[in-house]
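Report on the following structure.
Note: hydrogens, waters and symmetry copies are ignored here, and every other heavy atom, side chains too, is used. Here is the naming used below: chain letters follow the sequence lines, and residue numbers restart at 1 for every chain.
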Protein chains: 2
Amino acid sequence: MSNAPHILVIDDESQIRRAIRTILTEKGFRVTTASRGEEGLTLAATNEPDIIILDLGLPDMDGVEVCARLREWTQCPIIILSVRDSEHDKVAALDAGADDYLTKPFGIEELLARVRVALRHSTSRQGAQTKLVKAGSLTIDLVWHIVKRGEEEVKLTGTEHKLLAYLAANHGRVLTHQNILTQVWGPADANHTEYLRVYMRQLRKKLEVDPERPQYILTEPGIGYRFISDG
Amino acid sequence: MSNAPHILVIDDESQIRRAIRTILTEKGFRVTTASRGEEGLTLAATNEPDIIILDLGLPDMDGVEVCARLREWTQCPIIILSVRDSEHDKVAALDAGADDYLTKPFGIEELLARVRVALRHSTSRQGAQTKLVKAGSLTIDLVWHIVKRGEEEVKLTGTEHKLLAYLAANHGRVLTHQNILTQVWGPADANHTEYLRVYMRQLRKKLEVDPERPQYILTEPGIGYRFISDG
DNA sequence: AAAAATCTTGAAGGTATAATGAATTTCGCA
DNA sequence: TGCGAAATTCATTATACCTTCAAGATTTTT
């Protein structure tokens, strides 16, 4: 699974690395590990993890320093692990840009819960960003209901957008009439192919360069329709 | 009226409330306190704090319940304070939507550091959007809660402003009725679309050049509304 | 090549949704 | 407790959308 959250663990104790890797992998995360600060910084830059778990007691450089270096360019959530329990250490790390601080020894479940919190944060940040499907000069924002043709926006009705979104989400695939109808109109209208014809035409009118020779919304005669996108 | 970050403290022990209030006020924060869960929920809805500090051991309802109720409509950072140190309690609270968990007794400096972390999160969430939204002759200051039309200030009621602020913060995006209603009125009124119609009209009357041909607040029939800004 | 099936195209009526204006209730404040 | 502003509710008008239908074009079948 390539879209599973990716976690970078930076810790010099190999047992801890192994333990955390086992636990996180079991929960479905992708895990990368580093034993030294420099290595961790490099991996963070190349792999762009979703979360970084960082031990303060590294051999080559101070964890707070690693934290600060990371914050120069990334907002990725950082969870600190440390044997140091002093308030001073916690404040230093948190003010250096860390998002959370756990003192060793820590409970597995608590670590996982705090990872989930960090994940919530990073995904809510991503959620503000737009997820786009592109096809020629078309840009379809599935999240925010915005469709652009070049620079100008195309106004779509609710049903039109629902239909286009379903086509775009399955771009490249042939979708049967019944399949589309049940998804967009609901199972009750599964055999109202007239609806499809009317709406496909409206979409083509609004989106295609030449509606009579569609290049995005293709007809698969006797079967259904298909949406062609870039990439 | 100050724009200092606003923190809501929900705790039943009056000494703790007083202590936290003193410390936070000293650091320049605005502080509101509540001693019971229901009171806290109400204050959270009316005052819209930037951070909520919540004690788990409330007399009238469970802290985890308070957490869950808050998460129905707000993303505001929640820091848990609790005497309970068990892993089970921590996991329950964090999974209910809390962002951090401190066990009593806690260090003042650590609390402040974690408040700063929470503040970073809330401002970076807002920071993704511009704090000053301009649309034609309109200027909407999301931080100072000021709306100007040309040079003169527009007087808006509480609900009107909350609604406009939410639209402006998400300018360019299509927001569904339910989305707007849960954010502005709360999840209980998620299907009272009448409210929206009435308030959209009032906003248009106060903001639009020609309220009958709105250029800022657009209707997306069957879906919701959208605010158009410059750029 | 003719016929049949499928798809496209255009337009119109009915219906759900939105705008409007105003009355009523609630709430905050003195 | 009473006043005024704000929030909610309601009835009416206006609008946009979904649905429906019919005729022309295209593709497939025989």
Open item on the list: Heavy-atom nearest nucleotide on DNA chain D for T157(B) versus P221(A): which residue maps closer to 5'?
Closed with: T157(B)

TODO: When you get a sec, tell me which of dT20(D), dG21(C), dC7(C) is the closest nucleotide to the side chain of E194(A)?
DONE: dT20(D)

Open item on the list: Can you identify which nucleotide, out of dC18(D), dT9(C), dT8(C), has its nearest atom closest to the T159(A) side chain?
Closed with: dC18(D)

Task: Q202(A) CD to dA11(C) C1', straight-line distance once rounded to whole Å - done: 12 Å

Open item on the list: Side-chain N or O of W185(A) versus OP1/OP2 of dT19(D): is the shortest distance under 4.0 Å?
Closed with: yes

Open item on the list: How about NZ on K162(A), more than 12 heavy atoms from neighbouring residues, nucleotides or ligands closer than 6.0 Å, or not?
Closed with: no

Open item on the list: Once you apply a heavy-atom cut-off of 4.0 Å, does T193(B) come out as touching a base, just sugar-phosphate, or nothing?
Closed with: nothing

TODO: Can you figure out which of dC10(D), dC7(C), dT20(D) approaches the side chain of V198(B) most closely?
DONE: dC10(D)

Task: Closest listed nucleotide, where the reference is the side chain of K205(A) and the choices are dG10(C), dA19(C), dT8(D) - done: dG10(C)

Task: Neighbour count >12 (heavy atoms, 6.0 Å) for atom CD, Q202(B) - done: yes

TODO: Identify which nucleotide among dA18(C), dT9(C), dT20(D) has an atom closest to any side-chain atom of H192(A), counting heavy atoms from C-beta outward.
DONE: dT20(D)

Open item on the list: Side chain of R197(A) only, heavy atoms from C-beta on: which candidate in dC7(C), dA18(C), dT8(D) is closest?
Closed with: dC7(C)

Open item on the list: Rounded to whole Å, how long is the line connecting atom CD of E220(A) with atom P of dT27(D)?
Closed with: 13 Å

- [ ] Quick one: label Y195(A) by what it contacts on the DNA or RNA (base, sugar-phosphate, nothing), any heavy atom closer than 4.0 Å.
- [x] sugar-phosphate

Open item on the list: Looking only at the side chains, is there a donor atom on one of D99(A) and H121(B) sitting less than 3.5 Å from an acceptor on the other?
Closed with: yes

Task: Where W73(B) and P187(B) come nearest, the two heavy atoms and their spacing - done: CB-CD, 3.6 Å

TODO: Using a 4.0 Å heavy-atom cut-off across all strands, classify E212(A) as base, sugar-phosphate, or nothing.
DONE: sugar-phosphate

